[in-house]
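Letters A, B, ... mirror the listed sequences (proteins, then strands); counts begin at 1. Worth saying up front: this structure is predicted, and the values here are computed from it rather than measured. Side chains are part of it too, since the values below use all heavy atoms of this structure and drop only hydrogens, waters and symmetry mates.
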Amino acid sequence: MVTIKKEEEKGSHASERCLVWFRKGLRVHDNPALLEASKSAEAVYPVFVLDPSIDPTENGVRVGANRAQFLLESLEDLDQSLQGLGSHLLCLQGRPEDVLPPLMKELDITRLSFEFDTEPYWKDQGEKVAASAKQMGASVHCPTSHTLFDPEHLMAKCMMDAPKSYGQFLKLVAKCGKPPAPLDAPSSLPAVPEDVLSRRYRSVPTLEDLGYERPEEIDRTPFPGGESEGLRRLEDQFQDIRRIAMFEKPKTSPTDFVVPSTTVLSPYLKHGCVSSRVFYYKLKDAYKRNGRHADPPVSLLGQLYWREFFYLCGYAFPNFGRMEGNPICRQIPWDRSEEGKERLRKWANAQTGYPWIDAAMTQLRQQGWLHHLARHAVACFLTRGDLWVSWEEGRKVFDELLIDADWSLNNANWMWLSCSSFFYQYFRCYSPVAFGRKYDPQGKYIRKFLPVLKHFPKEFIYEPWKAPIAVQKKAGCIVGVDYPKPIVDHAEAVKANKSKMAAAYAKYKKAKA
DNA sequence: TGCAAGTTGTAGAT
DNA sequence: ATCTACAACTTGCA
């Protein structure tokens with residue numbers, strides 16, 4: 001009987017029954033997968049599949065509560081927007097490759113529409129789901145809309161290997177013209193039929209539903225997820241056209257925490273709450289209106305191109321998420337011993353005894369966000385600078401905690417900071433004392449994130465172990481009791497690690513000669 | 001083959 | 001604030 005009904009429908013309607021599968025791209029604006037469905041289909045089913053581990057990308061870490069919360073808020077907002085257009089978000093739980101094929105059968109889907117993803121895990125997953133759709137006779141539409149350009153288009157313009165430096169990448173981009181113009185949101189969507197809605201609609205789960213404890217106020221990110229919030233933030237940032245146009249990344253400060261000195265659009269770009277193409281065209285417009293503007297690599301457009309560059313690298317180079325088998329990553333004998341693991345644990349838990357490092361790691365855990373230069377400082381410290389722990393381990397911790405954790409960018413930046421790829425001046429090390437002090441001589445940032453140290457005078461706040469015992473007593477914090485002693489002697493560690501880097505690099509020189 | 005440049009170092013001198 | 005030494009990497013281009 002069901003079969004007969006299907007035949008009747010197929011006979012009477014030429015149009016499609018389309019499942020729009022959301023992964024990143026959690027927005028209704030500039031969403032080609034959604035827009036196309038809205039134009040051609042008699043039925044549109046917007047679906048998100050919440051994997052139990054939220055981000056099961058290769059390292060299998062369960063993501064932190066802030067990151068999970070950001071995703072759930074984005075889904076909530078997406079559901080609201082879809083309802084505003086007359087539809088609903090069907091939020092399922094499980095693995096997409098398990099959950100979607102039966103759903104597509106149940107809904108008699110003729111077309112599957114989803115955003116293309118460049119990252120290996122999601123690319124494979126997309127291919128699996130697309131294959132099952134095709135097997136049941138449905139067509140598949142898989143547009144690129146997360147990055148400015150289609151990575152295949154970029155590769156075709158390369159004429160050889162993918163670029164390994166930013167300069168080369170800029171040359172490549174110069175050959176590509178402008179990215180596709182952003183699309184409007186659909187004006188309306190067909191309603192999800194009542195029977196499907198009653199069978200399949202659940203409101204987006206809460207953190208507690210997923211087995212998380214809701215973080216205390218202090219551990220909750222101040223950046224809420226969602227397209228509405230992302231677009232609001234974008235508009236807000238563009239109020240000051242001059243600042244946007246003249247933005248130079250190295251001139252921003254890692255210790256500004258009341259109002260961050262950068263835009264904090266990264267979590268919204270990562271989840272696709274804000275389209276990178278919308279950002280691109282707004283930047284171009286701001287540059288035009290202001291007359292003068294900064295340029296890549298330091299400008300805001302330059303930041304967007306860094307993202308694009310690293311996404312292309314993650315797409316083009318195999319095993320981009322690890323050291324072994326990664327053709328652009330130097331093989332460095334990091335300390336993988338139990339002692340190294342203990343140092344990693346102390347780093348991740350803000351127990352290194354270097355206040356600037358521990359304050360940054362605390363901000364990361366509490367807010368799920370860090371200024372780029374603070375990321376540099378802690379990454380250099382963990383790897384080639386002080387602790388000699390593999391960048392892969394640091395990457396995992398960032399993956400767990402950052403609300404903007406972005407596979408391609410995260411791997412690329414960790415390789416950069418550990419001098420494993422892209423950047424090779426290993427003798428330039430960030431000081432865990434001097435670098436923070438340069439931006440914040442009073443130590444306000446440390447006082448904010450490490451309140452145990454807040455009564456230390458500014459002379460000692462970056463190096464509390466140097467304070468005379470009387471000063472420690474007066475500050476109410478004894479180093480070694482209330483706050484750890486330094487995990488390593490920075491001067492010694494840096495010296496030893498630089499020669500280890502020299503030795504690791506020497507092998508490449510020999511290989512080349 | 002040689003030289004300049006590379007998104008964002010530090011410490012110390014001027 | 002701007003300079004230089006530090007000890008010296010790689011990539012890209014002439």
Side-chain angles (χ1 to χ4, degrees), chain A residues 158-174 246-256 260-263 266 283 293-310 313 317 327-332 354 356-357 360 370-386 409 412-441 462-463 466 489-513:
Chain A
C158 287
M159 302 198 279
M160 33 177 259
D161 284 350
K164 289 180 197 143
S165 74
Y166 188 71
Q168 297 296 103
F169 176 79
L170 287 182
K171 282 184 193 169
L172 171 60
V173 156
M246 302 311 288
F247 179 98
E248 290 181 54
K249 187 67 160 278
K251 291 188 179 165
T252 60
S253 163
T255 56
D256 289 2
S261 61
T262 50
T263 61
S266 54
L283 273 176
H293 63 82
D295 284 301
V298 294
S299 65
L300 270 179
L301 183 60
Q303 305 311 304
L304 205 41
Y305 284 153
W306 280 106
R307 173 180 187 269
E308 195 78 5
F309 171 44
F310 288 150
C313 290
F317 300 117
I328 65 161
C329 180
R330 298 226 153 176
Q331 306 297 301
I332 294 167
Y354 284 93
W356 156 241
I357 300 298
L370 274 183
H371 184 280
H372 192 59
L373 290 178
R375 301 184 196 203
H376 278 211
V378 299
C380 180
F381 188 88
L382 179 71
T383 57
R384 67 186 166 89
D386 293 80
L409 277 57
N413 280 306
W414 273 96
M415 280 188 262
W416 183 294
L417 263 302
S418 62
C419 288
S420 299
S421 196
F422 304 113
F423 175 80
Y424 305 94
Q425 289 166 262
Y426 60 75
F427 40 86
R428 287 194 178 176
C429 275
Y430 292 89
S431 160
V433 171
F435 189 69
R437 186 148 61 194
K438 181 165 76 179
Y439 295 92
D440 179 17
Y462 284 88
E463 301 168 286
K466 288 190 177 169
D489 179 296
H490 172 67
E492 278 174 25
V494 151
K495 198 171 171 228
N497 291 341
K498 278 182 188 170
S499 40
K500 283 188 210 160
M501 285 303 284
Y505 269 35
K507 292 186 181 154
Y508 287 86
K509 261 194 175 163
K510 210 188 273 175
K512 235 185 190 177

Given 3.5 Å as the limit, does a donor-acceptor pair link the side chain of A:Arg384 with the main chain of A:Leu417, or not?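 Looks like yes, one N/O pair under 3.5 Å.
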A:Glu248 side chain vs A:Leu300 backbone, donor-acceptor pair below 3.5 Å: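 Side chain of A:Glu248 to backbone of A:Leu300: no pair is present.
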Quickly work out the [X] [atom1] to [N] [atom2] distance and round it to whole Å.
| X | N | atom1 | atom2 | answer |
| --- | --- | --- | --- | --- |
| A:Tyr426 | C:dT11 | OH | P | 14 Å |
| A:Ile328 | C:dT10 | CD1 | P | 15 Å |
| A:Gln168 | B:dA5 | CD | C1' | 13 Å |
| A:Asn497 | C:dC9 | CG | C1' | 16 Å |
| A:Leu172 | C:dT11 | CG | P | 18 Å |
| A:Lys164 | C:dC9 | NZ | P | 20 Å |
| A:Leu170 | C:dG12 | CG | C1' | 14 Å |

Protein N or O to nucleotides 6-9 of chain B N or O, pairs below 3.5 Å:
unit_1: B:dG6; atom_1: N3; unit_2: A:Gln425; atom_2: OE1; d: 3.3
unit_1: B:dT7; atom_1: O2; unit_2: A:Pro297; atom_2: O; d: 3.4
unit_1: B:dT8; atom_1: O2; unit_2: A:Pro250; atom_2: N; d: 3.1
unit_1: B:dT8; atom_1: O4; unit_2: A:His372; atom_2: NE2; d: 3.0
unit_1: B:dG9; atom_1: N7; unit_2: A:Arg428; atom_2: NE; d: 3.4

Taking the six-membered ring for Trp, are A:Trp416 and A:Phe423 ring centroids under 6.0 Å apart?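 Yes, the ring of A:Trp416 comes within the 6.0 Å limit of the ring of A:Phe423, centre to centre.
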Distance flag, aromatic centroids of A:Tyr354 and A:Phe435, threshold under 6.0 Å: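 Not close enough - the centres of the two rings lie 6.0 Å or further apart.
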Mind telling me whether A:Phe309 and A:Tyr166 have parallel, tilted or perpendicular rings, with 30° and 60° as the class edges?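 The arrangement is perpendicular - the two ring planes meet at more than 60°.
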Between A:Tyr505 and A:Tyr508, what is the ring plane arrangement, given parallel below 30°, perpendicular above 60°, and tilted in between?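 A:Tyr505 and A:Tyr508: perpendicular rings.
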For [N] versus [M], give the span between their [atom1] atoms, rounded off to a whole number of Å.
| N | M | atom1 | answer |
| --- | --- | --- | --- |
| C:dA7 | B:dA5 | P | 24 Å |
| B:dT7 | C:dT4 | P | 23 Å |
| C:dC6 | B:dG2 | P | 23 Å |

Dot-bracket pairing map - DNA chain B, Watson-Crick plus G-U, both contacts under 3.5 Å, | cross-strand: ||||||..||||||
What heavy-atom pair brings A:Ile332 and A:Ser418 nearest, and what distance separates the two atoms?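 Closest pair (atom of A:Ile332, atom of A:Ser418, distance): CD1-O, 4.2 Å.
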Have A:Thr262 and A:His372 got a donor and an acceptor in their side chains that come within less than 3.5 Å?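 Not at all, the side chains of A:Thr262 and A:His372 share no donor-acceptor pair under 3.5 Å.
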Please list, chain by chain and in numerical order, all residues satisfying ring-ring contact (aromatic ring centres under 6.0 Å, His included) with A:Tyr305, sequence neighbours excluded.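 For A:Tyr305 there are no ring-ring contact (aromatic ring centres under 6.0 Å, His included) partners, ignoring immediate neighbours.
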